[in-house]
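Start at 1 and go down the list; that is how both ligands and their atoms are numbered. Residue numbers run from 1 in the order of the sequence given. Just the heavy atoms: all of them, side chains too, but no hydrogens, waters or symmetry mates, feed the values below. Everything numeric in this text was worked out from a predicted model, so none of it was measured.
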Amino acid sequence: MLRQNQTSISEFLLLGLPIQPEQQNLCYALFLAMYVTTLLGNLLIIVLIRLDSHLHTPMYLFLSNLSFSDLCFSSVTMPKLLQNMQNQDPSIPYADCLTQMYFFLYFSDLESFLLVAVAYDRYVAICFPLHYTAIMSPMLCLSLVALSWVLTTFHAMLHTLLMARLCFCADNVIPHFFCDMSALLKLSCSDTRVNELVIFIMGGLILVIPFLLILGSYARIVSSILKVPSKGICKAFSTCGSHLSVVSLFYGTVIGLYLCPSANNSTLKETVMAVMYTVVTPMLNPFIYSLRNRDMKGALERVICKRKNPFLL
Ligand SMILES: *[C@@H]1O[C@H](CO)[C@@H](O)[C@H](O)[C@H]1NC(C)=O
């Protein structure tokens with residue numbers, strides 16, 4: 001035991017997804033396709049919103065930030081996963097592992113805060129339509145985005161520094177496809193009580209408060225729609241449907257992952273939930289916005305027509 005305590009670990013082994021060898025190539029192709037779809041879908045949204053001046057409204061600026069965050073979030077885990085599936089080299093250096101954990105936390109928090117910003121934007125648009133432009137000034141939007149960046153930096157940094165304090169002894173096999181914070185804690189041979197306490201408290205603050213804020217703003221939206229049903233309000237509400245699907249997809253998987261009791265045999269379930277949360281959600285988000293959204297389709301048409309017709313440039 002003493003000898004083990006002295007050797008510190010310089011790399012971890014990521015076990016990856018529980019896939020049979022004969023399905024390896026099929027899964028590789030599937031995950032590569034999902035990653036490429038995520039990158040292209042989110043890039044399309046960012047470029048469309050940048051190019052089309054009709055979409056320079058607070059909501060679309062937040063959505064563009066959300067797409068950027070989705071794009072980065074899947075780039076934190078996917079390249080390493082794909083690389084592992086291909087060359088079967090499961091090792092990841094200690095520093096890379098902590099870096100991956102930092103950015104994983106960073107972009108998942110950012111997503112959570114940006115979803116609150118979109119909910120607040122819809123709340124103001126529906127409950128105070130006449131004061132909308134005055135309230136949602138560029139200054140306020142920028143401050144909300146900046147505040148999200150500051151809070152997420154603080155939160156991700158806190159967990160990463162607490163993790164860097166821990167010792168890792170003999171066991172360096174992570175039964176996961178990325179450097180997950182709770183999987184790392186289980187491997188550590190130091191006292192992890194402080195880490196667990198901080199995860200519990202901060203997890204509550206970072207997940208539950210945004211979730212309650214979103215619920216609160218939707219409760220106000222629904223009650224104001226029930227009071228005065230009108231055409232303008234219905235139009236504003238049409239964007240809420242897609243936002244609500246994204247919110248339920250995001251919080252559904254996160255809450256399912258962290259609030260469900262984790263018995264020993266639930267590793268498979270945890271992996272499936274983690275794939276949902278890290279791979280599927282960032283891929284679906286752009287489609288959820290653009291499929292139902294007339295403004296987005298209009299912007300796409302305008303951008304394509306402008307390119308075809310040089311006189312309009
Ligand atoms: C994020 O939002 C801010 C403030 O609304 C905006 O200025 C910025 O361009 C957005 N960033 C991206 C990548 O869309």
Side-chain angles (χ1 to χ4, degrees), residues 35-79 102-129 131-156 206 210 213-214 217 236 239-240 242-243 245-247 249-250 278 281-304 306:
Y35 183 51
V36 171
T37 314
T38 309
L39 291 187
L40 292 183
N42 284 304
L43 265 183
L44 179 69
I45 299 233
I46 295 174
V47 169
L48 265 188
I49 292 175
R50 179 71 17 123
L51 287 182
D52 196 83
S53 56
H54 296 257
L55 300 183
H56 289 176
T57 62
M59 187 182 76
Y60 285 106
L61 289 178
F62 292 142
L63 288 184
S64 155
N65 275 278
L66 200 58
S67 275
F68 176 70
S69 150
D70 273 335
L71 203 142
C72 297
F73 185 53
S74 69
S75 300
V76 171
T77 52
M78 285 299 266
Y102 174 82
F103 284 108
F104 183 85
L105 286 171
Y106 186 88
F107 289 109
S108 62
D109 288 352
L110 193 58
E111 177 130 356
S112 171
F113 287 128
L114 289 173
L115 287 174
V116 177
V118 179
Y120 179 68
D121 172 82
R122 291 297 83 200
Y123 163 67
V124 174
I126 290 170
C127 298
F128 310 97
H131 303 110
Y132 178 72
T133 36
I135 298 177
M136 294 304 289
S137 61
M139 194 58 209
L140 180 72
C141 295
L142 206 60
S143 316
L144 284 178
V145 173
L147 182 69
S148 314
W149 285 67
V150 170
L151 287 179
T152 55
T153 307
F154 168 74
H155 182 235
I206 294 278
L213 286 175
I214 293 174
S217 65
T239 42
C240 294
S242 40
H243 180 239
S245 352
V246 173
V247 168
L249 200 61
F250 181 78
T278 56
T281 312
M283 180 183 70
L284 287 186
N285 281 353
F287 294 98
I288 294 175
Y289 305 130
S290 48
L291 273 183
R292 273 181 41 91
N293 194 322
R294 215 177 299 144
D295 292 342
M296 277 298 198
K297 283 183 195 155
L300 188 59
E301 275 160 24
R302 276 191 297 272
V303 166
I304 291 172
K306 232 196 233 171

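- Proximity to C141 (heavy-atom distance under 4.0 Å) selects the following atoms of ligand 1: 5 (O).
- Distance alone, capped at 3.5 Å, is enough to place a donor-acceptor pair between the N42 side chain and the P282 backbone.
- Within the 3.5 Å criterion, the main-chain N or O of L144 finds a donor-acceptor partner in the side chain of S148.
- Summary of contacts: the protein heavy atom closest to atom 1 (C) of ligand 1 is N65 ND2, 1.6 Å.
- Contact annotation: L142 has at least one heavy atom less than 4.0 Å from an atom of ligand 1.
- For V145, every heavy-atom contact with ligand 1 shorter than 4.0 Å involves the side chain, none the backbone.
- Protein heavy atom in closest approach to atom 9 (O) of ligand 1: R50 NH2, 3.2 Å.
- Taking the six-membered ring where the residue is Trp, F107 and F103 present parallel rings, their angle staying beneath 30° rather than reaching 60°.
- Judged by distance alone, the side chain of S137 and the main-chain N or O of A134 form no donor-acceptor pair under 3.5 Å.
- Shortest contact from atom 14 (O) of ligand 1 to any protein heavy atom: S64 OG, 2.3 Å.
- Panel note: side chain S69, backbone N65; no donor-acceptor pair is recorded below 3.5 Å.
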